[in-house]
Amino acid sequence: MPPKRNLVENIPYVPLSVIYYALAALAALIIYGILGSMYIMGLDLYNAIYFTVITIATVGYGDITPVTVSQKIFSVTLALGGVGLIAYVLSLTVSVITMTLQETISGARIRRLMQSMNNHFILCGFGRVGSAVFKELQKRNQKTIIIEKDREIVEKELWEDPNVLAIPESATDEDTLRAAGIKRARGVIITTGDDVDNLFITLTCRELNPDIWIVTRSSKRENIKRLYRAGANRVISPEISGGEDIYFAAMEPTMVKITVKHDVEDIGREAEIILKYGCTLEDIEYHLPEFKEPLVRKIGVSEKKELERFLNALEGDPARKSSLTRIYESVSGIHSHWISGPDRESIDKVIDELREEGILLGVNLDDNEIKEVARKHGRLVEIIIKPEMSIVENHGVDDIRREAEIIIKNGCTIEDIEYYLPGFSEPLRRNVGVDSIEDVDRFIKTLRSDSRKLESLDRLYTLSGGGIHTHRISGPDAKSLDRVEEELRKEGFLIGVNLDLAEIKSIIQESGRVVEMLLKHDLGNMDDKETIIRRGGRILDSKHYLPGVRQVVTRNLNIRNMDDLRRCQEELEKPDARRSLKALYSISRNIHSHTVAASDVKVIKKIERDLEKRGVLLGVNLSEDEIWDIVESEMMEKFCIE
């Protein structure tokens with residue numbers, strides 16, 4: 001185990017290759033002896049081997065005796081060479097064994113590894129916060145040396161893993177920081193629970209390496225300014241942050257935000273470019289024009305096998321892929337990623353290759369710049385994507401004000417909102433921060449004046465389990481939150497409080513469903529749509545499939561009731577619309593699909609049975625390959641377009 005002091009002392013090191021050379025020399029001497037015994041002593045092979053071994057070993061039984069001068073000279077050289085080489089080999093072997101034992105006892109191997117470490121992090125303190133930060137560093141394959149003054153933690157927890165480099169010393173000691181490679185490190189993360197120690201370590205690190213990036217923990221808010229003055233680049237308070245926040249603060253010098261444009265099919269190519277340079281995809285952001293904050297989904301992908309698992313899951317789950325495709329269509333494929341890397345050179349290589357691929361739109365763009373890029377390169381259609389909260393509710397767009405009124409009148413704030421799209425394991429979050437009913441009224445007024453935005457929001461509510469979503473709300477005290485919970489329950493909005501993700505998904509599976517139904521019927525036949533609406537379903541869109549070129553034409557419908565259906569029929573009677581749809585139906589061989597939503601799985605099943613009876617249903621939630629097989633196997637009808 002490493003000693004408590006003299007961490008940088010050098011221990012003589014004997015490379016294992018030296019022993020190999022010595023053994024090779026000994027083997028050469030034996031060959032020399034055998035050949036000399038045969039040609040000089042006149043012995044046969046077996047006696048030559050015998051004479052060589054006893055001469056090298058200086059045994060000399062006297063049964064074979066050199067007579068001539070040349071024989072005597074040969075015997076002398078063989079004996080002297082044997083004594084010297086055997087002694088040399090034995091001494092080297094003893095040295096290596098001694099060195100190995102010394103390494104085991106003194107930790108010389110660990111010290112040599114630390115002395116060879118470059119561009120690494122030094123983590124000072126391995127308590128609750130420090131261990132959380134270390135997990136984030138390990139997850140991203142970041143090189144780390146840990147300094148922890150509690151020797152018992154180092155010996156029993158850290159040294160159990162031979163890949164973990166840890167020093168059982170106090171990080172306030174300059175020699176310890178030097179031993180950890182403070183001058184070669186890329187950053188120092190200070191997570192001890194003592195603000196005085198953190199202040200002293202910060203001062204020492206800044207003195208030893210004026211250019212190093214320092215992130216430190218502050219247990220008390222009043223010490224944050226002091227730590228900044230001491231030389232910290234970032235100060236994180238565990239009262240408001242965790243290990244992940246400290247990790248991102250440490251990675252800030254080698255993190256960039258890239259804005260890209262590509263389709264779902266290019267996800268793998270983009271990610272491969274990022275991962276092959278040792279970088280990590282931290283998140284994905286979708287920027288919607290009407291909202292101040294982007295919708296964010298954390299990813300944290302740093303290994304190719306994680307990417308392959310996601311791509312395989314996407315291909316094996318049509319509902320999930322359909323959801324992701326709709327999101328990409330809504331933002332014209334334009335989105336952003338935060339990516340972190342081992343160094344600035346790796347980040348630059350990623351940027352250069354993404355630019356060569358033609359998918360990079362910009363680096364470190366702010367929200368206004370991203371919106372300008374979106375106007376130039378694509379079309380942004382607002383869509384609200386899933387966030388997560390402490391209260392789980394089920395209501396429609398029309399009930400937004402009533403829900404907000406209950407929360408705000410009790411002095412509480414709606415911090416965020418999350419919706420759950422089918423096929424995705426994590427929700428997408430949008431920060432709200434609303435504590436005024438006037439803000440809510442302004443938002444509702446905007447909705448009513450912009451039918452496109454209202455339709456998109458209503459569509460999102462439908463996709464998210466038929467209106468199931470969550471909010472994280474904060475209040476002045478527990479009683480205020482209790483009153484909010486009680487009133488929301490009376491109103492029939494509340495499903496649960498502080499449910500975990502698995503419970504929310506279970507509720508969505510039980511009480512909400514969104515499916516894609518593949519249908520076949522002639523133009524003008526509204527039986528399928530009428531069946532869906534009368535059974536309590538809702539039609540979100542219609543997709544037509546163009547064989548040969550394998551293109552999909554999507555029409556947003558959002559048919560919620562019989563009035564919407566009648567308006568759809570009236571649109572169909574217009575000559576231009578009917579002519580366009582007639583051509584579309586003919587090309588796609590009367591095959592199309594509808595995304596259908598309902599508030600209950602039972603409703604979906606009833607719709608499926610009714611459509612099967614009518615003979616128009618070809619399948620539910622089919623994969624793309626299955627759909628194209630069906631479309632391309634159909635007989636093509638002759639048609640003309642005037």
Side-chain angles (χ1 to χ4, degrees), residues 140 244-245 247-249 251-252 254-264 266-271 273-275 279-302 306-307 310 314 320 323-341 347 350-351 354-355 357 359-389 415-421 423-433 453 456-457 460 463-464 469-470 472:
R140 274 86 170 183
E244 191 175 51
D245 299 297
Y247 165 78
F248 283 121
M251 291 298 297
E252 189 172 317
T254 52
M255 283 188 72
V256 298
K257 183 179 184 179
I258 58 171
T259 301
V260 296
K261 182 179 188 297
H262 61 74
D263 297 327
V264 173
D266 297 319
I267 290 175
R269 176 59 186 147
E270 177 206 23
I273 292 172
I274 294 169
L275 298 182
C279 298
T280 298
L281 265 167
E282 300 292 355
D283 66 13
I284 182 168
E285 298 181 1
Y286 302 100
H287 302 272
L288 307 174
E290 284 79 8
F291 299 103
K292 295 179 181 178
E293 296 289 333
L295 303 173
V296 182
R297 181 164 60 89
K298 291 183 179 179
I299 300 175
V301 173
S302 57
E306 295 175 291
L307 170 64
F310 171 76
L314 200 62
R320 184 177 188 180
S323 296
L324 187 60
T325 300
R326 282 198 288 269
I327 296 171
Y328 270 67
E329 288 173 352
S330 298
V331 296
S332 296
I334 298 172
H335 54 281
S336 299
H337 296 293
W338 277 103
I339 63 170
S340 61
I347 294 286
V350 169
I351 292 171
L354 290 176
R355 187 173 284 118
E357 286 287 323
I359 61 179
L360 184 70
L361 298 180
V363 178
N364 288 333
L365 304 180
D366 60 31
D367 289 344
N368 290 331
E369 289 172 325
I370 290 172
K371 288 178 181 178
E372 187 61 35
V373 166
R375 280 191 287 271
K376 181 179 179 182
H377 294 276
R379 175 182 57 85
L380 284 177
V381 178
E382 70 280 4
I383 177 173
I384 309 173
I385 313 174
K386 54 181 183 179
E388 191 176 19
M389 51 197 180
E415 300 290 354
D416 60 28
I417 181 170
E418 293 183 352
Y419 300 93
Y420 300 84
L421 297 183
F424 285 88
S425 58
E426 292 293 331
L428 295 176
R429 178 179 296 106
R430 179 169 63 89
N431 293 327
V432 179
K453 184 174 182 179
S456 295
L457 184 59
L460 176 65
L463 281 171
S464 184
H469 57 280
T470 57
R472 181 169 53 90

Nearest non-hydrogen partners of Cys279 and Gly341, listed with the distance: SG-CA, 3.7 Å
Nearest heavy atoms of Ile339 and Ile347, plus distance in Å: O-CD1, 4.1 Å
Under 3.5 Å donor-acceptor, Asn364 side chain and Lys257 backbone: yes
Check: Asp266 and Val260 side chains under 4.5 Å, non-hydrogen atoms: no
Backbone N/O of Ser302 and side chain of Glu306: donor-acceptor pair under 3.5 Å: yes
Qualifying residues under side-chain contact (heavy atoms from CB on, under 4.5 Å), relative to Glu357, sequence neighbours excluded: Arg269, Ile273, Ile359
Gap separating the OG1 atom of Thr325 from the CG atom of Leu314, nearest 0.5 angstrom: 7.0 Å
Steps toward side-chain contact (heavy atoms from CB on, under 4.5 Å) verdict (Ile258, Ile274): CA-CA 11 Å; Ile258 58 171; Ile274 294 169; 4.2 Å; yes
Ile267 side, atom CD1; Leu324 side, atom CG - distance, nearest 0.5 Å: 4.5 Å
Leu365 side, atom CG; Thr259 side, atom OG1 - distance, nearest 0.5 Å: 4.5 Å
Euclidean distance, Trp338 CH2 relative to Glu285 CD, rounded to 0.5 Å: 8.0 Å
Results of ring-ring contact (aromatic ring centres under 6.0 Å, His included) for His337 - residues two or more places apart only: His335
Arg355: side chain to side chain donor-acceptor pair (under 3.5 Å) partners, not counting sequence neighbours: none
Exercise: identify the closest heavy-atom pair between Val301 and Leu307: CG1-N, 4.1 Å
4.5 Å side-chain heavy-atom contact, Lys261 and Ile334: yes
